[in-house]
Asks: 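Provided herewith is a single structure, encoded as structure tokens, for subsequent inquiry.
Quick note: residue numbers are just sequence positions, from 1.
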Amino acid sequence: MAKNFAGKGGKKPQVEIPIENIVLDNENPRLVQYTEGLTNLTELDLVKIMQENFDTETIALSLIENGYFDEEPLIVVPLDLPENVDFSILTYEEATEVLENLIREKNLKFVVVEGNRRVTTIKLLLNEDLRKNLGIDKFYPKLENKEILNDISNIPCIVYPDREKVTNYLGVRHIAGLLKWEAFAKAAYIANTIQTEVDKGKSNLEAIKAVQNIVGDRSDTLRKQFVAYKLWEEARDNLPDFDSKPIIYKFSLLNVIYNSPSLRDFIGVASYKDVDFDKQIVPLEKLDNFKQVLTWVFGNNHIRPVLTDSRLITSTLSHIVRSREAIDYLNRFDDLQGAFERTNGEREFLVRNLNKAFRTLQESLSFAYKFRGDTEIVPKVNELEEIITELKKMLI
């Protein structure tokens, strides 16, 4: 019986592929934050994004010095396979031979699903026109060694028959493994993988469980990340006058918001154990509150965020949203501390201020005698006396 090289535990064929036959992956989860809202991206667009955001120069210097390490093959998926090619009935050896023939005779192309940074770097090293188009030719590392040039022109690649078969590998490597992606990239991968399972006919809960099994998640961290991603989607789709892009770059803060029971209650979202993924996460009647929280934390277009420290989400903002008075004050003055001081109502605010004034004046008594008759201090004391007289009239 033929061995299915794409099956569980099956050996995937490894072949040498010319770099010009390898294209970058516009579905790379790490690129979502840079490609959100963009359509019809070209190879040049993807190279530009990779070069500007993923430090390809460091890899370029390594390649110039060492060539390509065959111990680190790319992971690729073939594009436009002939209809008569069915890898599921081929042995490892047969699949390898078929791929080599297709590369040689049909100029078969492949999309790289693991190794986009390396492919970008190699394309830049080998293509002067590409560097000039990007305006980086003057400072980008140059490759002059012909042996290394030949070495990096053909890259060892492990071939998966389709993108779906790579899902488990990427999940283990970048979600649960040592080479973890950034928060948003992880959430995007999780959401896309769950959707793939749903498209197969699974319910949302079944799909989540399947992806949890893939990445070995036993703590429901994945479920929380999925909820956070759905919240971002709803901010993008349901708040037309809110700029959701800054959330991508500080995505972990969305998890902090979601982990706060009082903030969840303010935006009408259930805890991760009770979320119904078949419905909208944020109810329509709570969208204004949702926008408020996001604006306070991330800002919105010309409006700056009122939080300067992520820890204030839990320590301060989570208390403010429990008080209508504090919310109104925050919206009016953008004063987080002032709003926090009103979280227990005006009475508590007054008591807190009186206690603060009492402690300050009490401390001053220990050395005030040194400044008897001071022409600057005595008038201030008289002003305080007038304020105290007015307070007593109001309170007694």
Side-chain angles (χ1 to χ4, degrees), residues 235 239 241-267 286-396:
L239 301 176
D241 56 346
F242 178 79
D243 180 11
S244 62
K245 206 160 192 176
I247 298 176
I248 294 175
Y249 303 106
K250 296 181 179 179
F251 189 75
S252 60
L253 298 187
L254 201 54
N255 283 297
V256 178
I257 293 170
Y258 182 67
N259 286 335
S260 165
S262 60
L263 286 168
R264 281 203 307 270
D265 183 64
F266 184 66
I267 64 177
K286 293 286 189 176
L287 284 177
D288 286 343
N289 288 6
F290 186 36
K291 180 182 174 182
Q292 270 191 321
V293 171
L294 295 179
T295 302
W296 290 331
V297 176
F298 299 100
N300 183 26
N301 295 315
H302 63 281
I303 301 174
R304 296 171 63 88
V306 297
L307 272 75
T308 56
D309 187 328
S310 61
R311 290 171 294 186
L312 295 173
I313 296 174
T314 302
S315 67
T316 304
L317 189 60
S318 64
H319 297 281
I320 290 173
V321 295
R322 295 173 181 167
S323 166
R324 186 69 257 171
E325 178 195 346
I327 293 169
D328 291 342
Y329 183 89
L330 181 58
N331 285 332
R332 185 177 177 186
F333 297 105
D334 290 336
D335 177 4
L336 194 70
Q337 187 57 38
F340 181 62
E341 290 173 348
R342 287 160 174 77
T343 53
N344 290 323
E346 290 183 346
R347 182 184 181 279
E348 292 300 319
F349 179 62
L350 176 59
V351 170
R352 190 182 301 114
N353 279 345
L354 288 174
N355 285 333
K356 190 187 302 181
F358 175 78
R359 288 193 299 270
T360 302
L361 290 173
Q362 192 174 46
E363 290 172 3
S364 300
L365 283 175
S366 63
F367 56 84
Y369 69 91
K370 297 179 181 179
F371 306 99
R372 180 184 295 274
D374 189 294
T375 56
E376 182 179 357
I377 295 176
V378 169
K380 293 292 182 184
V381 173
N382 291 334
E383 289 175 8
L384 283 172
E385 186 177 18
E386 291 175 7
I387 291 173
I388 291 172
T389 300
E390 290 301 317
L391 273 173
K392 289 177 70 175
K393 287 180 183 179
M394 294 178 184
L395 296 171
I396 299 176

Asks: For the residue pair Pro305 and Phe298, what are the closest heavy atoms and their distance?
Replies: CB-C, 3.9 Å
Asks: Just jot down the salt bridge (charged side-chain N to carboxylate O under 4.0 Å, His left out) partners of Arg359, sequence neighbours excluded, or say none.
Replies: none
Asks: List the atom of Ala339, the atom of Ile320, and the distance in Å for their closest heavy-atom pair.
Replies: CB-CD1, 3.7 Å
Asks: Backbone N or O of Tyr258 within a donor-acceptor pair of the Arg264 side chain at under 3.5 Å?
Replies: yes
Asks: With rounding to the nearest 0.5 Å, note down the distance linking CD1 in Ile257 to CG in Leu294.
Replies: 5.5 Å
Asks: Main chain of Ala235, side chain of Ser244: is a donor-acceptor contact present, judged purely on distance under 3.5 Å?
Replies: no
Asks: Distance from Gln337 atom CD to Tyr329 atom OH, nearest 0.5 Å?
Replies: 10.0 Å
Asks: Given 3.5 Å as the limit, does a donor-acceptor pair link the side chain of Asn300 with the main chain of Ile303, or not?
Replies: no
Asks: At what distance, to the nearest 0.5 angstrom, does CG of Leu287 lie from CD1 of Ile267?
Replies: 10.0 Å
Asks: Could you tell me which non-hydrogen atom of Leu263 sits nearest to which non-hydrogen atom of Val293, and how far apart they are?
Replies: CD2-CG2, 4.2 Å
Asks: How close do Ile313 and Leu307 get, heavy atom to heavy atom, and via which atoms?
Replies: CG1-CD2, 3.2 Å
Asks: Applying side chain to side chain contact (heavy atoms under 4.5 Å, CB included), name anything that partners Lys393, two or more places apart in sequence or on another chain.
Replies: Thr389, Glu390
Asks: Take atom CG of Asn301 as the centre, draw a 6.0 Å sphere, and report whether it contains more than 12 heavy atoms from other residues, nucleotides or ligands.
Replies: yes
Asks: We want to know whether Trp296 and Asp334 form a side-chain donor-acceptor pair, criterion being a heavy-atom distance below 3.5 angstrom.
Replies: no
Asks: Return the NZ to CD distance between Lys380 and Glu383, rounded to the nearest 0.5 Å.
Replies: 5.0 Å
Asks: Shortest non-hydrogen contact from Leu254 to Ile247?
Replies: CD2-CG2, 3.9 Å
Asks: Measure across Lys286 and Phe266 and return the closest heavy-atom pair with its distance rounded to 0.1 Å.
Replies: CD-O, 3.5 Å
Asks: Between Arg324 and Asp328, is there a side-chain N and carboxylate O pair less than 4.0 Å apart?
Replies: yes
Asks: From Gln292 CD over to Phe242 CZ, what is the distance, rounded to the nearest 0.5 angstrom?
Replies: 12.0 Å
Asks: Taking the side chain from Asn259 and the backbone from Asn255, do they hold a donor-acceptor pair closer than 3.5 Å?
Replies: yes
Asks: Does the distance from a Lys or Arg side-chain N to an Asp or Glu carboxylate O, for Asp243 and Lys245, drop under 4.0 Å?
Replies: no
Asks: Please answer whether the main-chain N or O of Gln362 pairs with a side-chain N or O of Ser366 as donor and acceptor at a distance below 3.5 Å.
Replies: no
Asks: Taking the six-membered ring for Trp, are Phe371 and Phe367 parallel (under 30°), tilted (30 to 60°) or perpendicular (over 60°)?
Replies: perpendicular
Asks: Check Lys291 with Asp241, please: is the shortest side-chain N to carboxylate O separation under 4.0 Å?
Replies: yes
Asks: Let me confirm one number: the CD1-CG distance from Ile388 to Leu395, rounded to the nearest 0.5 Å.
Replies: 11.5 Å
Asks: Does CZ in Arg352 sit with more than 12 non-hydrogen atoms of other residues, nucleotides or ligands closer than 6.0 Å?
Replies: yes
Asks: Treating Thr314 as the side-chain partner and Arg311 as the backbone partner, does any N or O pair qualify as donor plus acceptor under 3.5 Å?
Replies: no
